[in-house]
Amino acid sequence: MKQKIEELILQAVGVLKAEGILGLEITPHITIERTRDPQHGDFASNLALVLAKPAKANPRQLAEKIIAALPQHEAVLKVELAGPGFINFFINPDSQYQTVSQIHAEGRKFGLSTIGAGKKVQVEFVSANPTGPLHVGHGRGAAYGSVVADLLEAAGFEVHREYYVNDAGRQMDILATSIWLRYLEECGELVHFPSNGYRGDYVREIAWNIHKNSSDQYHRRIEQVLENIPADEPQGGDKEVHIDALIDRTKTLLGPSLYRDFFQFGLDNILEDIKVDLNEFGVEYQQWFSERQLMDNGSVEKALERLRIGGHLYEQDGATWFASSQLGDEKDRVVVRENGQFTYFASDIAYHMDKLDRGFDQIIDIWGADHHGYVPRVRAAIQALGADESKLKVLLVQFAVLYRGEERVQMSTRSGEFVTLRQLRNEVGKDAARFFYVMRRSEQHMDFDLKLATSKSNENPVFYVQYAHARICSVFRQLDEKGLERNLLLGMRNLTGLTEEHEVLLLGTLARYPEVLERAALQYEPHQVIHYLRDLATEFHTYYNAHQFLVEDDGIRNARLNLVSAVKQVLANGLGLLNINTPEAM
RNA sequence: GCGCCCGUAGCUCAGCUGGAUAGAGCGCAGCCCUCCGGAGGCUGAGGUCAGAGGUUCGAAUCCUCUCGGGCGCGCCA
């Protein structure tokens, strides 16, 4: 509908240009909006207001000329000039009725579009270090990322979902060493656990598992381990120096092969846990991309070589630097350390080169907002690699603060007592968790009230929307019990009988769904879908209270049932897209 | 100190990329079917869009400054 009006306006502009009223050089950006106030019709355009200046004309007079030049169309009932120069379009109600039959015909596919057809998009999200279970902060990224990906798919894009696994680097060595020390405890050694180690219970569990299945082959005496190790922080030393020495000692005592096994076992364990966790949360990936693989197969060298050829690298203080400050970053960044090791950033450059080489039209990185300082350097890298910088889109997700009613839920990573995503799911369930995470704009700091999410009352928006769906299902159950018939075709023929205010409103809202999906997808804003579904549910509940559906009159009854079942379909489509259940009864 | 995000009703938040009288939910004050699920609906009170300038026909939205909150500024990942 929106498109049709746009075409009509475009034709009118063409006519005015031919008549010399508008300069030929003027190419207006036509915006058509749905009106907020029904008195203003169904759609409105501010074209005349926008063109008034370049055309050097009075906006109202210009609007009149545009209206006069507008071709007739069966779907447009009338066009009005209003206010300072708005052009308001009143749609022929008959065309609104078509959406009901369209929804019935298209079913689950209603709302999908093809604007993204032929375009490949990669969405990378969560990508938490595999050093422990996902916590509630990752949950928002997971929910947001997966819905953005699904929205893009609904808009016709070919979507590739990816998790970047940071399975190389010091953090992983710290993990392996932490597990090993816990393992030694299992063997009966008395260990002073390093202050910088991973203290969570999961580390003990993994250690316990290894010990159970491996007899004592990794056992070394604690005196051997601690010999000449610099003091930890509580003993007046430096915790970083302490843990690095412990890592080296672990590697030496176990030897490359055993260390590798140990490292791998910890990694596999945690990664598997993350995969199961995300899966249960309704999040699927096409690929789990290994950072270590980039290190091992020479991709990092290749990426740096490409930067070197482009003249973006230089040596200083024994390290290799990327001159990112020339490409918008605030300062240059080290890519190869003095000790010869690549930085995390170096492998990230290689990762993004790999993304570019795979031929995606758009690369979307979804990060926690605390990483925002990282954006300019990655952008710089994209440019230095010779790619179009606009291919990269970074979406930042703010943290969620958990509350239980009024009381703030404390999180502490250090003590290992943080709230995990799994705990959250167990407490509020998948549906409420996903709904709440995605309910707010991603850049918005969010208060997540656990008590509200679990309450089975009208305070809880999840239940409100789901209830609308269940209520419609209940109506259809009642149909049988009352011994009334349903006739789909008869209902379609009588749709024009739906002239009540509530019905007209619902028809308009149903017709809006595809537009909402499209906007939400192109702007990466899942919360728009949530707001839409709440609106739709509200309008349905209002309608339900105002009118009986199961009436004696066959024509009206069947028309209303068709309308209501279209509402049910759209609720199911919307909730389905968010990966939230649509219960038939609650 | 510099950079990014945010500031809208008592609370939690929308606000369609600059449009018409700023909207929801919760909370509060009143109400509603002998009838398809009251997990619902209706009505009302509640706002200097943090503040001050500017841009223009028109600003919550764009620009500048100030105030307040969050987060970043490693040869960590």
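To find a chain, count down the sequence lines: A is the first, B the second, and so on, and within it residues start at 1.
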Which nucleotide, in any strand shown, forms a Watson-Crick or G-U wobble pair with [N], with both distances under 3.5 Å?
| N | value |
| --- | --- |
| G30(B) | C42(B) |
| A22(B) | none |
| G72(B) | C2(B) |
| U48(B) | none |
| A59(B) | none |
| C16(B) | none |

Contact class for [X] vs. all strands (heavy atom < 4.0 Å): base, sugar-phosphate, or nothing?
| X | result |
| --- | --- |
| Gln548(A) | base |
| Met446(A) | sugar-phosphate |
| Asn196(A) | nothing |
| Ala546(A) | nothing |
| Leu479(A) | nothing |
| Asn46(A) | base |
| His502(A) | nothing |

For [N], does OP1 or OP2 lie under 4.0 Å from any side-chain N or O of [X]?
| X | N | value |
| --- | --- | --- |
| Arg441(A) | G15(B) | yes |
| Thr542(A) | C42(B) | yes |
| Arg534(A) | A14(B) | no |

Same-atom distance ([atom1]) from [N] to [M], integer angstrom:
| N | M | atom1 | value |
| --- | --- | --- | --- |
| C16(B) | U34(B) | C1' | 45 Å |
| A52(B) | U61(B) | P | 12 Å |
| U56(B) | C26(B) | P | 43 Å |
| G10(B) | U66(B) | C1' | 27 Å |
| G15(B) | G7(B) | P | 10 Å |
| C49(B) | A14(B) | C1' | 13 Å |
| G25(B) | G68(B) | C1' | 26 Å |
| C13(B) | G46(B) | P | 24 Å |

Any donor and acceptor pair, going by atom type alone, linking the side chain of [X] with main-chain N or O of [Y] inside 3.5 Å?
| X | Y | answer |
| --- | --- | --- |
| Asp348(A) | Tyr344(A) | no |
| Thr343(A) | Val334(A) | yes |
| Asp167(A) | Ser290(A) | no |

Regarding [X] and [Y], is there a side-chain donor-to-acceptor distance under 3.5 Å anywhere?
| X | Y | result |
| --- | --- | --- |
| Asn166(A) | Gln171(A) | no |
| Glu291(A) | Ser347(A) | yes |
| Thr538(A) | Tyr464(A) | yes |
| Asn562(A) | Arg486(A) | yes |

- Message: Which label fits Trp367(A) and Tyr374(A): parallel for a plane angle under 30°, tilted from 30 to 60°, or perpendicular past 60°?
- Response: perpendicular

- Going by the angle between their ring planes, with limits at 30° and 60°, are His527(A) and His531(A) parallel, tilted or perpendicular? perpendicular

Whole-Å distance separating the [atom1] atom of [X] from the [atom2] atom of [N]:
| X | N | atom1 | atom2 | result |
| --- | --- | --- | --- | --- |
| Phe43(A) | C16(B) | CZ | P | 17 Å |
| Arg471(A) | G41(B) | CZ | C1' | 8 Å |
| Asp329(A) | C4(B) | CG | P | 13 Å |
| Gln528(A) | A14(B) | CD | P | 11 Å |
| Arg440(A) | A24(B) | CZ | C1' | 10 Å |
| His469(A) | C36(B) | NE2 | P | 21 Å |
| Tyr464(A) | U12(B) | OH | P | 22 Å |
| Glu407(A) | C11(B) | CD | C1' | 18 Å |

- Note on the structure: Closest to the 5' end of RNA chain B, once Asn88(A) and Val475(A) are matched to their nearest nucleotides, is Asn88(A)

- Message: Assuming nearest nucleotide by heavy-atom distance, tell me which of Asn545(A) and Gln444(A) is located more 5' along RNA chain B.
- Response: Gln444(A)

Using a cutoff of under 3.5 Å, can you pull out all pairs of nitrogen or oxygen atoms linking the protein to nucleotides 44-47 of chain B, with atom names and distances?
none

- Message: Using the rule side-chain contact (heavy atoms from CB on, under 4.5 Å), only one of His371(A), Glu124(A), Glu162(A), Lys393(A) pairs with Asp365(A); which is it?
- Response: Glu124(A)

- Item | Check: Phe549(A) ring centroid to Tyr543(A) ring centroid under 6.0 Å | yes

- Query: Do Phe86(A) and the base of G19(B) stack face to face, with centres under 5.5 Å apart and an angle between planes under 30°?
  - Reply: no

- Note on the structure: Its contact letters, B for base, S for sugar-phosphate only and - for none at protein heavy atoms under 4.0 Å, make nucleotides 70-77 of chain B read SBSSSBSB

- Query: Just wondering, more than 12 heavy atoms not from Glu407(A) lying within 6.0 Å of its CD?
  - Reply: no

- Message: Between Arg557(A) and Asp554(A), does any NZ, NE, NH1 or NH2 come within less than 4.0 Å of an OD or OE carboxylate oxygen?
- Response: yes

- Message: For U48(B), does the O4'-C1'-N9-C4 or O4'-C1'-N1-C2 angle fall within 90° of 0, making it syn, or is it anti?
- Response: anti

- Message: Checking contacts here: which listed nucleotide (U12(B), C57(B), U17(B)) is nearest the side-chain heavy atoms of Asp447(A)?
- Response: U12(B)

